[in-house]
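Quick note: residue numbers are just sequence positions, from 1. Numbering of ligands and ligand atoms starts at 1, following listing order.
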Amino acid sequence: MLAFVSFSSILVGVIADTSKYSRCQAPTADPLDGCPPNTLLVSSTGREADFDTIQGAIDSMDNTTNYTILVLPGNYIEQLNVTRSAPLTILGQTESPNRQADNAVTVYWASANSNGRYTDNAYTSVLTVAPNLNASLTGSGPSGFPVPADTPFGCVDFRVYNIDFRNVYADEGVGPSLAVSISRANAGFYYSGISSYQDTVYVGKLGNAYFYYSHIGGQTDFFYGFGTAWVQSSWVELRGCGGGIIAWKGTNTTFANKYGAYISDSTVQAANNSVASSIIGKCFLGRPWNAQHRSVYLNTYLDASIAPQGYEKWTSNPLTDNYNNYTVMAEYKGFGPGFNLTGRIAGNVTLEFDAAQTQKYMTPRDVFMAPDGSQPYITWIDPNAYIWH
Ligand SMILES: *[C@@H]1O[C@H](CO)[C@@H](O)[C@H](O)[C@H]1NC(C)=O
Ligand SMILES: *[C@@H]1O[C@H](CO)[C@@H](O)[C@H](O)[C@H]1NC(C)=O
Ligand SMILES: *[C@@H]1O[C@H](CO)[C@@H](O)[C@H](O)[C@H]1NC(C)=O
Ligand SMILES: *[C@@H]1O[C@H](CO)[C@@H](O)[C@H](O)[C@H]1NC(C)=O
Ligand SMILES: *[C@@H]1O[C@H](CO)[C@@H](O)[C@H](O)[C@H]1NC(C)=O
Ligand SMILES: *[C@@H]1O[C@H](CO)[C@@H](O)[C@H](O)[C@H]1NC(C)=O
Ligand SMILES: *[C@@H]1O[C@H](CO)[C@@H](O)[C@H](O)[C@H]1NC(C)=O
Ligand SMILES: *[C@@H]1O[C@H](CO)[C@@H](O)[C@H](O)[C@H]1NC(C)=O
Ligand SMILES: *[C@@H]1O[C@H](CO)[C@@H](O)[C@H](O)[C@H]1NC(C)=O
C-alpha cells in the first residue's frame, strides 16, 4: 500500500499576505467593495455584472490604463487573449485567497494540436499573453518560429489570482494542449490551477512566468518553451508519465538570457493513489528539446514516480545529438522517495548541483531579465508572494 502524503504538508515557506486583493476578492453585497479603481466585473450568469465573458472585459479596455478584473464564481468556456502592454490583474472571487483548492472560477477550453490539426500549438491555449499571434508561435527546428526582432513587448505586468485554467481536450497526452501561453510578456500566477496532459505551460521567447502556491497538472512535456519560468511552492501534479516533466529549448539568440525552467520548494507528486501505483519509477524530470535545454529543480520533494536516473536523454531528437556544456538538466537538494542518488549517478544524465553551481539560479532575482538584458527584473512579481532565500 502506498502512502499518499498530502501535498500541503510538504510545502515549505510561508503563506503570503495577499491582503492587497483579498478585500476585493471576498464575496460582499456589492462585489466591487474593496476593489482597486478601474475594476471590471465579470459573471458567467450575467448577474450584477457588465460582462458575461472575461474576454469581453479584456476587449473593452483601452491600451494604457491599469485594469483589474474581478470574476465571480462559475465556469467560463472561452479562450483568453491578452495583447495589451499595460498592466492587468485578474482576480477570482473567493473567501480563501490562500487556497488554490478552493478556487471557484475555472476557465475551460478543449483543444489539442493532434494529427496536424493546426499549423501551430499556439491555437490550442486556454490563455495566451503575447503582443500578437506571431510572438506566441512555437514553430519548429533548433530555434523555433523566428519572431521578428521588432515585435513589441506585450503585457509588462499580468497577474492572475485564484483562477483555474483547464484544457480538457482529452484525459491523456494526445498532442500539444496548452493551458497557458506566455511570450514577450511578464505573467504571474498566484494560487491558480493550470492543467491539461501535454505541453500544458508554454513560456515562449522573451516570456517570463512566475507560479506561486499554484497547481500545475500534466503528463507529457508539460512545461515547455524558450523563455524563463519559476515555479515556487507549488504542486507539480503527475497525471501520468510521458516524455519528461520539462522539455526546454534554448537558442543562441536567447543564450545571454537566463532562460530556463526552475522548480523551487515544490512538490512533484502523482495525481492520486491509482495513478501513483501505476507510474512508480517511470516519470522523467525532463528531457532536452534541444542541446541548450536548461532546467533546475531546487529543494523539491519528488514522489516515487520519478525514475532513478532523474532526467532522460531524448535519443530520437536530432536537436540533442550533441550534448555540450550548455545542456543543463540539474537538481539541487532533491528529496523524497523519487530522489535516488545511486540511480542518478549510474544514469549519468542528471547533474547534481552543489551550492556553488546553484548560485546563479538560486532565486527569481537571479534568472529573470528585462528585454534590454537588465537584471534582476522582478517588478512584475507580487512582492507579498516572493520567497526571499
Ligand atoms: C490598442 O493597440 C492595438 C495595437 O497597437 C491597436 O490595434 C488597437 O486599436 C488599440 N486599441 C485601442 C482601444 O486603442
Ligand atoms: C500602473 O502599473 C504600473 C506597473 O505596475 C505602475 O508602475 C503604475 O504606478 C500604475 N499606475 C497607476 C496609475 O496605478
Ligand atoms: C486567441 O488567439 C487564438 C490564436 O490566434 C485564436 O485562435 C483565438 O480565436 C483567440 N481567441 C480570442 C478569444 O480572441
Ligand atoms: C507572421 O509571420 C508570418 C510568417 O513569417 C508572416 O508571413 C506574417 O506576415 C506575420 N504576421 C504579422 C502580422 O507580422
Ligand atoms: C486520478 O487522476 C487521473 C489523472 O488525472 C484521473 O484520470 C483519474 O480520474 C483520477 N482518479 C481518481 C479516483 O480520482
Ligand atoms: C546558432 O545556432 C545555429 C543552430 O544550432 C547554428 O547554426 C549557428 O552557427 C549558431 N550561431 C552562433 C553565433 O553560435
Ligand atoms: C566545456 O567545458 C570544459 C571545461 O570547462 C571546457 O574545457 C570545454 O572547452 C567546454 N566545451 C565547449 C564545447 O564549450
Ligand atoms: C535506485 O537506483 C538504483 C540504480 O539504478 C537501483 O538499483 C535501485 O533499485 C533504485 N532504488 C529505488 C528505491 O528505486
Ligand atoms: C557520462 O556522460 C558524459 C557525456 O555526457 C561522458 O563524457 C562520460 O563518459 C559519461 N560517463 C560515464 C561513466 O558513462
Exercise. Exactly which residues line ligand 2, taking a heavy atom under 4.0 Å from it as the test?
Worked result: Asn66, Pro87, Asp157
For this session: Please report the closest heavy-atom contact between Arg365 and Pro376, naming both atoms and the distance.
Result: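 Looking at all heavy atoms of both residues, the closest pair is O-CB, 3.3 Å.
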Exercise. For the atom pair CZ (Phe284) and CE (Met329), what is the distance rounded to the nearest 0.5 Å?
Worked result: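 It is 10.5 Å, given to the nearest 0.5 Å.
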Problem set entry | Which residues share a side chain to side chain contact (heavy atoms under 4.5 Å, CB included) with Pro27, sequence neighbours left out | Gln93, Glu95
Problem set entry | Non-hydrogen atom of Asp171 closer than 4.0 Å to ligand 5 |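 It does not; every heavy atom stays at 4.0 Å or beyond.
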For this session: Return yes or no for this condition: an N or O of Thr342 is under 3.5 Å from an N or O of ligand 8.
Result: no
Show which atoms of ligand 5 fall inside a sub-4.0 Å distance from at least one heavy-atom site of [X].
{"X": "Tyr197", "answer": "4 (C), 5 (O), 7 (O)"}
{"X": "Ala271", "answer": "2 (O)"}
{"X": "Val275", "answer": "1 (C), 2 (O), 3 (C), 4 (C)"}

For this session: Would you check the N or O atoms of Asn272, main chain and side chain alike, for any that come under 3.5 Å of an N or O of ligand 5?
Result: yes
For this session: Check the side chains of Asp382 and Tyr161 for a donor-acceptor pair under 3.5 angstrom, ignoring hydrogens and angles.
Result: yes
For this session: List the steps, then state whether side chain to side chain contact (heavy atoms under 4.5 Å, CB included) holds for Ile69 with Leu88.
Result: CA-CA 8 Å; Ile69 296 175; Leu88 172 62; 4.0 Å; yes
Exercise. Quick one: which ligand 8 atoms are inside 4.0 Å of a heavy atom on Asn340?
Worked result: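 Here the atoms of ligand 8 in question are 1 (C), 2 (O), 3 (C), 8 (C), 10 (C), 11 (N), 12 (C), 14 (O).
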Problem set entry | Remaining members of the apolar cluster that contains Tyr169, side-chain heavy atoms under 4.5 Å |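 Besides Tyr169, the hydrophobic cluster comprises Val174, listed by chain and residue number.
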Problem set entry | ligand 8 versus Pro308: contacting region, heavy-atom distance under 4.0 Å |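 Side chain only; the backbone of Pro308 stays clear of ligand 8.
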For this session: Would you check if the side chain of Arg239 reaches a backbone N or O of Ser196 as a donor-acceptor pair within less than 3.5 Å?
Result: yes
Exercise. For Asn115, does the CG atom sit with more than 12 other heavy atoms under 6.0 Å from it, leaving out its own atoms?
Worked result: no
Exercise. What class does the angle between the rings of Phe211 and Phe189 fall in, given that below 30° is parallel, 30 to 60° is tilted and above 60° is perpendicular?
Worked result: parallel
N/O donor to acceptor pairs below 3.5 angstrom from side-chain atoms of residues 152-160, sequence neighbours left out:
unit_1 : atom_1 : unit_2 : atom_2 : d
Asp157 : OD1    : Arg159 : NE     : 2.8
Asp157 : OD2    : Arg159 : NH2    : 3.2

